[in-house]
Amino acid sequence: MSTGVYQSPMEVAVYQLHNFSISFFSSLLGGDVVSVKLDNSASGASVVAIDNKIEQAMDLVKNHLMYAVREEVEVLKEQIKELLEKNSQLERENSLLKTLASPEQLEKFQSRLPAEVLCPQEQSPGAAPSAPQAGGSAV
């Protein structure tokens with residue numbers, strides 16, 4: 001790089017910073033190359049041009065990030081939908097098993113469960129439910 005074109009060390013630093021910013025954003029965005037020509041006739045015009053190019057690069061980064069976030073939101077919405085369907089299916093199975101089980105089986109099953117599992121609304125909000133006791137099948 002020839003520094004003869006620039007009148008002050010500040011202009012050299014601005015030029016280097018500008019080239020670094022464009023290179024950084026280009027590599028970050030996967031090769032989107034931004035061509036920049038500095039206006040060496042006036043220092044103020046160069047700074048404005050640099051500011052505009054940096055703003056454009058930041059807008060490009062923002063657009064890419066928003067696109068990635070939207071994609072992730074769609075994936076998460078699909079996962080939520082699948083989990084809601086699975087939860088609904090499990091609730092139906094649970095209901096069916098309860099109706100098919102004899103009163104003796106239900107009583108035996110409920111006697112093995114801790115009180116927190118049977119009455120979750122009475123449980124304090126900060127307390128975690130205790131693990132079911134080991135020792136045989138539930139039904």
Side-chain angles (χ1 to χ4, degrees):
M1 177 181 105
S2 171
T3 57
V5 177
Y6 302 103
Q7 281 75 29
S8 71
M10 179 62 123
E11 288 177 321
V12 173
V14 167
Y15 177 79
Q16 290 174 337
L17 177 62
H18 177 262
N19 284 339
F20 170 77
S21 298
I22 298 304
S23 300
F24 173 74
F25 285 122
S26 294
S27 65
L28 180 69
L29 300 173
D32 291 341
V33 179
V34 180
S35 175
V36 178
K37 301 277 191 243
L38 288 179
D39 180 5
N40 295 323
S41 63
S43 179
S46 295
V47 172
V48 170
I50 291 170
D51 287 346
N52 289 338
K53 292 299 179 179
I54 291 173
E55 186 175 336
Q56 290 172 0
M58 295 295 285
D59 287 342
L60 193 57
V61 168
K62 182 181 82 171
N63 289 338
H64 281 274
L65 287 174
M66 290 301 293
Y67 179 77
V69 167
R70 285 186 193 108
E71 281 185 342
E72 186 67 22
V73 165
E74 289 302 316
V75 168
L76 291 173
K77 281 182 180 179
E78 187 62 31
Q79 288 178 345
I80 289 170
K81 181 181 173 186
E82 291 170 4
L83 288 171
L84 287 173
E85 289 172 359
K86 180 72 172 175
N87 187 39
S88 178
Q89 176 190 358
L90 290 172
E91 286 177 350
R92 286 191 304 271
E93 288 177 12
N94 188 29
S95 177
L96 177 64
L97 289 172
K98 282 182 178 180
T99 58
L100 294 176
S102 68
E104 295 83 24
Q105 288 173 323
L106 283 174
E107 185 178 320
K108 183 178 178 184
F109 174 71
Q110 290 175 346
S111 69
R112 293 182 182 204
L113 292 177
E116 291 86 11
V117 174
L118 294 175
C119 304
Q121 58 271 32
E122 295 176 8
Q123 185 177 349
S124 64
S130 57
Q133 298 172 352
S137 64
V139 179

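- Annotation: side chain of Gln56 is not in contact with side chain of Leu60 (no heavy-atom distance under 4.5 Å).
- Interatomic distance, CD of Gln79 versus NZ of Lys77, reported as 13.5 Å (0.5 Å rounding).
- Taking the side chain to side chain contact (heavy atoms under 4.5 Å, CB included) definition, one finds that Lys81 meets it with Glu78, Glu85, sequence neighbours left out.
- Val73 belongs to a hydrophobic cluster whose other members, connected by ILVMFWY side-chain contacts under 4.5 Å either directly or through intermediates, are Val69.
- In this structure, Ile80 belongs to a hydrophobic cluster whose other members, linked by side-chain heavy atoms under 4.5 Å apart, are Leu84.
- Every side-chain hydrogen bond (donor to acceptor under 3.5 Å, both in side chains) that Glu93 has, sequence neighbours left out, goes to Gln89.
- Evaluation of the side-chain hydrogen bond (donor to acceptor under 3.5 Å, both in side chains) rule for Arg92 yields Ser88 as partners, not counting sequence neighbours.
- By the side chain to side chain contact (heavy atoms under 4.5 Å, CB included) test, Leu96 is found to be paired with Thr99, Leu100, residues two or more places apart in sequence or in another chain being considered.
- Here the NZ-CD distance, from Lys108 to Glu104, works out to 11.0 Å after rounding to the nearest 0.5 Å.
- Here CE of Met58 is found 9.5 Å from CD of Glu55. Values are rounded to the nearest 0.5 Å.
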Let me see the working for Glu91 and Asn87 under side-chain contact (heavy atoms from CB on, under 4.5 Å), right down to the final yes or no.
CA-CA 6 Å; Glu91 286 177 350; Asn87 187 39; 3.6 Å; yes
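- A distance of 12.0 Å separates CD1 of Ile54 from CG of Asp59, quoted to the nearest 0.5 Å.
- Applying the 6.0 Å contact sphere to CD of Glu107 captures no more than 12 heavy atoms from other residues, nucleotides or ligands.
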